[in-house]
Number of protein chains: 2
Amino acid sequence: MVPLMTERLSAATWTEMALRVLADRGIEAVRVEPLARLLGVTKGSFYWHFADRRELLDSVLLGWEQAATFDVIDAVELACDEPDDRLRELTRLVFRHGGPLDRAVRAWASHDESAANAVARVDSRRYAFVRALLEAHGLTPPTAAMRARLLYTSLIGEQHTSLKLARKHRVEWALRNLEFLLDRG
Amino acid sequence: MVPLMTERLSAATWTEMALRVLADRGIEAVRVEPLARLLGVTKGSFYWHFADRRELLDSVLLGWEQAATFDVIDAVELACDEPDDRLRELTRLVFRHGGPLDRAVRAWASHDESAANAVARVDSRRYAFVRALLEAHGLTPPTAAMRARLLYTSLIGEQHTSLKLARKHRVEWALRNLEFLLDRG
DNA sequence: CTGTTACCATACGGTAGCGTATGGTCTTTA
DNA sequence: TAAAGACCATACGCTACCGTATGGTAACAG
């Protein structure tokens, strides 16, 4: 082969491509040789940047965990200030940008321990965020804790159910359910 | 090898074992040769009962769909009569018998179309069941539809989140959230 | 008792992916 | 400009699994 050497790769490039493949084909599709083909190189490159496949998967997990924690929380906090506005924004965000990647990672986590741990950490941070918002809105701490769980699990469930319904209506219903939660503490 | 011929297998035996493996190791672990080892036979047996691996997977999916549709609905309907009692029973059921198998199938469905279709059918039947119960409880049809979605997605979400909390408290919270949803008006 | 059918073992060829070894080519540093 | 290091190609052996081909053994029919 003619070594053109137009572009060199970094470990981050591999991780990003792995995240893409994970998002739309699942963890079983993120394998080093197919990934190499997608990147236009051979696995000789891969094994220079990573010790083995597991190391790539750990890197993927780390990347997702950081993004998943701060991206959504930061996005919400930047978008508005009032607690109830933030909850509405959060709900919209789940449906819009509402995560084939999240879904793939969660599917992965169902039978991989390290993935499960990462998901657990993300869940607990996001849950705490929702709970704090409900408290700030005026719910008592015990009530906020319960309602936050209801709301959070529901948003997760939305990503995993296949209830056929126009996206427009799904968001609308979710928002009205949110109002219900906010009204009747 | 000495052919003792102590026991012969049927297609159903293969499917049941596949369901077990699916439940605790995921769909990627249900493969014909490992399965044969678990059953104490060779794949010569498998390919007599099935054309290929995909046929087994379809059989697994069919088995799950039937069980998942009627088992939970029937169990609830047999346990009690009043709509709100049935909803409480349903909630308890999700946490008790609350499905590593369901979880595995849903994970599988995230990147397999036929599995996704099966999950969609099950979801729509279960959702209709919850919605009917909420209507029977006295909620108006539009309200019942929305709350049913909130409740159903939340129960699904409970299976997919890893929020560390004692099982006892999880059920308790879920039941109190249910009471909240049952509130009329 | 003989043939047919149901069920299974064994052996084979084939593919896909893992990880290693080795050497080549660029880039950077001295 | 020569040496060192960064990055990649190629080739290799290995394992796990798929699906097929073929023949053997049990049970049952006639």
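These numbers come from a predicted model, not from an experiment. Every chain is numbered from 1 and lettered A, B, ... according to where its sequence line falls, protein lines coming before strand lines.
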Take A:S154 and B:E158 through the test side chain to side chain contact (heavy atoms under 4.5 Å, CB included) and record every step on the way to the result.
CA-CA 8 Å; A:S154 170; B:E158 281 286 352; over 6 Å; no
For B:R86, the salt bridge (charged side-chain N to carboxylate O under 4.0 Å, His left out) test, sequence neighbours excluded, returns B:D81
- Message: Run the side chain to side chain donor-acceptor pair (under 3.5 Å) test against A:R131 and tell me which residues pass, sequence neighbours left out.
- Response: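 So A:R131 forms no side chain to side chain donor-acceptor pair (under 3.5 Å) with any residue.
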Round to a whole Å and report the spacing from [atom1] of [X] to [atom2] of [N].
{"X": "B:W48", "N": "C:dA6", "atom1": "CH2", "atom2": "P", "answer": "6 Å"}
{"X": "B:R37", "N": "C:dA9", "atom1": "CZ", "atom2": "P", "answer": "13 Å"}
{"X": "A:L39", "N": "D:dC8", "atom1": "CG", "atom2": "P", "answer": "10 Å"}
{"X": "B:L9", "N": "D:dA27", "atom1": "CG", "atom2": "P", "answer": "15 Å"}
{"X": "B:W14", "N": "C:dC7", "atom1": "CH2", "atom2": "C1'", "answer": "12 Å"}

Applied to residues 122-153 of chain B, the ring pair (Phe, Tyr, Trp, His ring centres under 6.0 Å) test, sequence neighbours excluded, yields none
Here the ring pair (Phe, Tyr, Trp, His ring centres under 6.0 Å) pairs for residues 25-46 of chain A, sequence neighbours left out, are A:W14-A:F46, A:F46-A:F50
Pairs satisfying side chain to side chain donor-acceptor pair (under 3.5 Å), at least one member in residues 30-44 of chain A, at least two apart:
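Matches after skipping sequence neighbours: A:E28-A:R31, A:E33-A:K43.
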Which atoms of nucleotides 18-20 of chain D (N or O only) lie under 3.5 Å from a protein N or O atom, and what are those distances?
residue : atom : partner : partner atom : Å
D:dC18  : OP1  : B:V32   : N            : 3.3
D:dC18  : OP2  : B:V32   : N            : 3.1
D:dC18  : OP2  : B:E33   : N            : 3.3
D:dC18  : N4   : B:K43   : NZ           : 3.0
D:dG19  : OP2  : B:Y47   : OH           : 2.9
D:dG19  : OP2  : B:R53   : N            : 3.1
D:dG19  : N7   : B:K43   : NZ           : 3.1
D:dG19  : O6   : B:K43   : NZ           : 2.1

Could you tell me whether the phosphate oxygens of C:dC8, OP1 or OP2, come under 4.0 Å of any side-chain nitrogen or oxygen in B:H49?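 It does, given that an N or O in the side chain of B:H49 lies less than 4.0 Å from OP1 or OP2 of C:dC8.
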